[in-house]
Chemist: 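Dropping a structure here in structure tokens format, bear with me for questions.
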Amino acid sequence: MSDVLSHKCPNCDGPLLFDPSNQTFHCEYCLSVFNEGDLDSTEQKESAENLDQTSQEMFNLYDCPSCGAEIVTDDTTAATFCYYCHNPVLLKDRVSGEFLPNNILPFKISKDEAKEQFLSWAKSKKFIPKDFFDESQIEKITGIYFPYWKTDATTKGRVNATGTKITVWRVGDTEYTRTRKYKLTRGGTIHFRDLIKNALQKNTKQLMIESVQPFPLTDVTNFDSKYLSGFQAEKRDIEFSSLEPSLVGELSHYTQTILENEMQGFTTLSTNHHESHVLSQSNKYLLLPVWVVTYQSETSDEPFYYAMNGVTGKTSGKLPINKPKLIGTSVALGILVTTLILVGGYLLF
């Protein structure tokens, strides 16, 4: 079986959980509370005894370090819970070696806060099935760290363009038009920071994490697996090499746009030639926090979801619709409801 890690309480050996509200780690058994420094020395000894990495099994089977039960995961799971003892576990081979994240943005919104905001948000939507936000559904809310690539880059670019200034005036009954053309050149060195790219192929999850951007990347910290305690995490399955061609294209486009925006005051502007190249580039792999609720409707094979940025609280969702209630409301009012965006049997908010 592949090796797993569970961060333990130094006092009672119970599982530690990360608390976003005060950025500490707590034990639910002996109620001890620790900060990151308290745990470092203890875990350094542990890591020194476990330097050898173990390879991933074909069927992604892991042993829970607390109860010994078998944990089955998919290819990108990096942190999860044991389904039997509910102990939080970290799959070490998924967050080490080449898959070791450079940075992590810790959750700042606690589970209780996330549940409260979800309930308030869902109840404000009039045509959603009630079981979407009942107590059992709210308990399914899950904090997940999703993988991203972050790029800082410096480009050098040049744009040649033709600008025109058109002036129109009248003298008596005669209208005059004067057109002046200018050859324009703009060039410069441009610095880009915190360009992020999704590093997970799963389409549904990709939509979730993109819909709650942006993240405050100035708050990221060096990766420490302790921040994963009590949360789930996904491992990247998109390498930066596959993203680089499109990223270089984006940097070229951004460079051109910025230089063109420096050509102000013309009636028309036509770009004749532009060029740019990357002077320097640094890429980092990081994990970003999202609270997620998924809902499987009896009338649809596709799951619905609610997602919330784990730091800013920005929300997004693809929600089921209670069609009988919507139709009943329309008939009662004697109008056709046209203010809702109805796509394929669900609502977009």
Chemist: Is there a side-chain contact between L243 and I238 in this structure, where contact means two heavy atoms from C-beta onward sitting under 4.5 Å apart?
Modeler: yes
Chemist: Return the OG1 to NZ distance between T179 and K165, rounded to the nearest 0.5 Å.
Modeler: 13.0 Å
Chemist: Check for me, please, whether V159 and Y182 land in the same ILVMFWY cluster - side-chain distances under 4.5 Å, paths through other members count.
Modeler: yes
Chemist: Would E260 and T271 count as a side-chain hydrogen bond (donor to acceptor under 3.5 Å, both in side chains) if you check the C-alpha gap in whole Å, the side-chain angles of each, and the deciding distance to 0.1 Å?
Modeler: CA-CA 8 Å; E260 287 176 344; T271 298; 2.5 Å; yes
Chemist: With a cut-off of 6.0 Å (strictly less than), are more than 12 heavy atoms of other residues, nucleotides or ligands near NE2 of H277?
Modeler: yes
Chemist: Taking the inter-plane angle between the rings of F25 and Y227 on a 0 to 90° scale, is it parallel (under 30°), tilted (30 to 60°) or perpendicular (over 60°)?
Modeler: tilted
Chemist: Provide the closest heavy-atom pair for L200 versus P147 in the form atom of the first, atom of the second, distance.
Modeler: CB-CG, 4.0 Å
Chemist: Before giving the answer on side-chain contact (heavy atoms from CB on, under 4.5 Å), spell out for D19 and V33 the whole-Å C-alpha distance, their side-chain angles and the decisive distance to 0.1 Å.
Modeler: CA-CA 10 Å; D19 186 350; V33 178; over 6 Å; no
Chemist: Would a distance-only check, ignoring hydrogens and angles, find a side-chain to backbone donor-acceptor pair under 3.5 Å from Q201 to D237?
Modeler: yes
Chemist: Quick one: closest heavy-atom pair of W291 and I141, and the distance?
Modeler: CE3-CG1, 4.0 Å
Chemist: If two hydrophobic side chains count as joined below 4.5 Å and joins carry through other members, does I166 share a cluster with F266?
Modeler: no
Chemist: Treating Ile, Leu, Val, Met, Phe, Trp and Tyr as nodes and any side-chain heavy-atom pair under 4.5 angstrom as an edge, say whether L17 and L91 lie in one connected cluster.
Modeler: no
Chemist: side-chain hydrogen bond (donor to acceptor under 3.5 Å, both in side chains), that's the test. Do S252 and S276 meet it? Break it down for me.
Modeler: CA-CA 6 Å; S252 176; S276 69; 3.2 Å; yes
Chemist: Kindly compute the distance separating OG1 (T177) from CH2 (W169), expressed to the nearest 0.5 Å.
Modeler: 7.5 Å
Chemist: Within the 4.5 Å heavy-atom criterion, are M308 and F118 side-chain neighbours or not?
Modeler: no
Chemist: Measuring from D152:CG to L195:CG, what's the distance to the nearest 0.5 Å?
Modeler: 7.5 Å
Chemist: Taking the six-membered ring for Trp, are F107 and F18 ring centroids under 6.0 Å apart?
Modeler: no
Chemist: Looking only at the side chains, is there a donor atom on one of D112 and S110 sitting less than 3.5 Å from an acceptor on the other?
Modeler: no
Chemist: If I compare all heavy atoms of L269 with all of A161, which pair ends up nearest, and what's the gap?
Modeler: CD1-CB, 4.0 Å
Chemist: Side chains of N283 and T151: is there a donor and an acceptor less than 3.5 Å apart?
Modeler: yes
Chemist: So I104 and D224, do their side chains get closer than 4.5 Å, heavy atoms only?
Modeler: no
Chemist: Does atom CD of E116 have more than 12 heavy-atom neighbours from other groups under 6.0 Å away?
Modeler: no
Chemist: Go through the steps for L259 and H274 under the test side-chain contact (heavy atoms from CB on, under 4.5 Å), then give the verdict.
Modeler: CA-CA 10 Å; L259 293 176; H274 69 88; over 6 Å; no
Chemist: Just wondering, are more than 12 heavy atoms of other shown residues or ligands nearer than 6.0 Å to NZ in K115?
Modeler: yes
Chemist: Can you tell me how far CZ of F231 sits from OG1 of T142, rounded to the nearest 0.5 angstrom?
Modeler: 10.5 Å
Chemist: Distance check, rounded to the nearest 0.5 Å: R94 atom CZ versus L228 atom CG?
Modeler: 13.0 Å
Chemist: Does any part of the side chain of F215, heavy atoms only, come nearer than 4.5 Å to the side chain of V290, both counted from C-beta?
Modeler: yes
Chemist: Using the side-chain contact (heavy atoms from CB on, under 4.5 Å) rule, take I190 and Y254 through it: C-alpha gap first, then chi angles, then the decisive distance, then the call.
Modeler: CA-CA 9 Å; I190 302 171; Y254 294 151; over 6 Å; no
Chemist: With sequence neighbours excluded, tell me which residues meet salt bridge (charged side-chain N to carboxylate O under 4.0 Å, His left out) with E239.
Modeler: R236
Chemist: Please check if the number of heavy atoms outside R186 that lie under 6.0 Å from its CZ is greater than 12.
Modeler: yes
Chemist: Quick one: are F146 and E234 in side-chain contact, heavy atoms under 4.5 Å?
Modeler: yes
Chemist: If you round to the nearest 0.5 Å, how far is CG of L247 from CD1 of I196?
Modeler: 12.0 Å
Chemist: Please list, chain by chain and in numerical order, all residues satisfying salt bridge (charged side-chain N to carboxylate O under 4.0 Å, His left out) with E250, sequence neighbours excluded.
Modeler: K197
Chemist: Do V220 and N102 pass the side-chain contact (heavy atoms from CB on, under 4.5 Å) test, and can you show the C-alpha distance, the side-chain angles, and the key distance before you say yes or no?
Modeler: CA-CA 10 Å; V220 299; N102 300 108; over 6 Å; no
Chemist: More than 12 foreign heavy atoms under 6.0 Å from CZ of R180: is that the case here?
Modeler: yes
Chemist: Do Q232 and T77 come close enough that some side-chain heavy atom pair is under 4.5 Å?
Modeler: no
Chemist: Ignoring hydrogens and angles, tell me if any N or O in the side chain of N309 forms a donor-acceptor pair with the backbone of V212 under 3.5 Å.
Modeler: yes
Chemist: Measuring only between side-chain heavy atoms, which start at C-beta, is Q213 closer than 4.5 Å to K314?
Modeler: no
Chemist: Side chains of T155 and T255: do they bring a donor and an acceptor to under 3.5 Å?
Modeler: yes
Chemist: Output yes when a side-chain donor or acceptor of N103 lies under 3.5 Å from a complementary backbone atom of F223, and no otherwise.
Modeler: no
Chemist: Is V248 reachable from Y148 through a run of hydrophobic residues whose side-chain heavy atoms are each under 4.5 Å from the next?
Modeler: no
Chemist: Around K156, counting heavy atoms of other residues, nucleotides and ligands shown, do more than 12 lie under 6.0 Å from its NZ?
Modeler: no
Chemist: Do the non-hydrogen side-chain atoms of K183 and N160 ever get within less than 4.5 Å of each other?
Modeler: no
